[in-house]
Amino acid sequence: MLVAGLPGAGKSTLLDRLYGLRGDETSPVPDGDVRVIDSRQSRNWWARFLRPLPVRLRTPLVHATHVWRIGRAILAGHGVVAHTRGTWPHVLYCFAWLARRRGNRLHLILIDVDPETARAGQVARGRAVTSAAFARHCRRWGPIVDRARDGDPPPPAAGVTVLDRDAADRLRAIHFTAGR
């Protein structure tokens, strides 16, 4: 299960609330047989080594580590609830392929907020992506969420749920069921 949305949409906030994350973790958090994976965990892990480097140089290592951790958890056979931007199709295809190898399927929760709300979320947390990067995410996000709202899961997802901010705030749990 990947929780996707624009930077600042509320993905980490949702994981914090559902799984009791504090934001200072440095590795995936187990919840039974599920692994909860937020990109902050990789950023926190790398911070002790890379803090003197500019964000532009740290970001690729943080993202690669985050993607690697999700893939590793999927291959280990764990249920995974992970934060992702969802705008990189090659990453989604990779996760779907790994899940199929384990007899599972990729599902998405899309937190759909307007760009102004997402930008305000970035400002509130004190971490904003560059304007160019944010614009790129917005351009890619629109077609993904439009397709999902039409009832067609974006490839390669087997299923999709679209939530606005209010619906995300009301979500109380994510359950994994055998064979689904």
Side-chain angles (χ1 to χ4, degrees), residues 1-16 19 21-30 34-76 78-102 104 106-113 115-145 154-157 160:
M1 178 67 65
L2 298 178
V3 179
L6 292 173
K11 304 174 295 288
S12 293
T13 301
L14 179 66
L15 295 179
D16 290 351
Y19 295 99
L21 303 183
R22 301 175 314 272
D24 62 351
E25 296 88 0
T26 58
S27 61
V29 173
V34 172
R35 297 299 175 262
V36 182
I37 307 172
D38 189 284
S39 61
R40 293 176 302 183
Q41 297 159 351
S42 295
R43 187 171 45 258
N44 293 342
W45 189 86
W46 278 109
R48 59 189 162 176
F49 305 110
L50 303 178
R51 193 168 308 277
L53 294 176
V55 171
R56 175 174 253 158
L57 296 177
R58 292 189 308 236
T59 299
L61 286 170
V62 168
H63 285 284
T65 301
H66 180 60
V67 168
W68 176 77
R69 286 175 167 184
I70 294 169
R72 187 174 79 170
I74 292 169
L75 281 176
H78 297 292
V80 173
V81 177
H83 161 284
T84 184
R85 291 180 183 156
T87 58
W88 293 345
H90 58 287
V91 173
L92 296 180
Y93 276 98
C94 176
F95 291 151
W97 179 75
L98 292 173
R100 282 192 308 272
R101 288 191 56 176
R102 297 294 301 176
N104 296 307
L106 175 71
H107 293 272
L108 299 172
I109 293 176
L110 305 180
I111 302 178
D112 186 33
V113 301
E116 295 78 22
T117 300
R119 187 54 102 175
Q122 294 175 49
V123 170
R125 73 174 186 212
R127 273 193 57 250
V129 298
T130 66
S131 295
F134 188 65
R136 191 170 45 251
H137 287 298
C138 289
R139 279 192 308 275
R140 292 177 181 168
W141 181 252
I144 292 168
V145 78
V160 63

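Start at 1 with the first residue, then count along the sequence.
Across all non-hydrogen atoms, the minimal contact from Trp141 to Gly5 is CH2-CA, 3.4 Å. Closest heavy-atom contact between Ile144 and Pro154: CG2-CG, 3.9 Å. The heavy-atom pair separating Gly86 from Leu92 by the smallest distance is O-CD1, 3.8 Å. Between Leu2 and Phe95, the closest heavy-atom pair is CD1-CD1, 3.6 Å. Minimum heavy-atom separation, Phe134 to Arg119: CB-NH2, 3.5 Å. Annotation for Gly71 and Leu98: closest pair CA-CD1, 3.6 Å, computed over non-hydrogen atoms.
A heavy-atom distance below 4.5 Å is not found between the side chains of Asp38 and Glu25. The shortest side-chain heavy-atom distance between Val29 and Gln41 falls under the 4.5 Å cut-off. Residues Arg43 and Arg127 are in side-chain contact: their nearest non-hydrogen atoms beyond the backbone lie under 4.5 Å apart. Taking the side chain as every heavy atom from C-beta outward, Ser27 and Arg35 never approach each other to under 4.5 Å.
In this structure, CZ in Arg85 is found 10.0 Å from CG in Leu6, a value given to the nearest 0.5 Å. To the nearest 0.5 Å, the span separating NZ on Lys11 from CG on Leu110 amounts to 11.0 Å. Between atom OG1 of residue Thr117 and atom CG of residue Asp112 there is a gap of 10.0 Å, rounded to the nearest 0.5 Å. Going from atom CH2 of Trp68 over to atom CG of Leu61 covers 13.0 Å, rounded to the nearest 0.5 Å. Once rounded to the nearest 0.5 Å, the distance linking CZ of Arg58 with CG of Leu50 reads 7.5 Å.
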Practice item. Could you please spell out the steps behind the side-chain contact (heavy atoms from CB on, under 4.5 Å) verdict for Arg48 and Thr26? Key: CA-CA 10 Å; Arg48 59 189 162 176; Thr26 58; 5.6 Å; no
Check your understanding: After noting the C-alpha distance and the side-chain angles of Arg40 and Leu15, does the key distance pass the side-chain contact (heavy atoms from CB on, under 4.5 Å) rule?
Key -> CA-CA 11 Å; Arg40 293 176 302 183; Leu15 295 179; 5.5 Å; no
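Checking Ser39 against His66 by side-chain atom types alone, no donor-acceptor pair falls below 3.5 Å. Judged by distance alone, the side chains of Thr65 and Trp45 never bring a donor and an acceptor atom under 3.5 Å apart.
In this pair, His90 and Trp88 present their aromatic rings parallel. The plane angle is below 30°, not in the 30 to 60° band.
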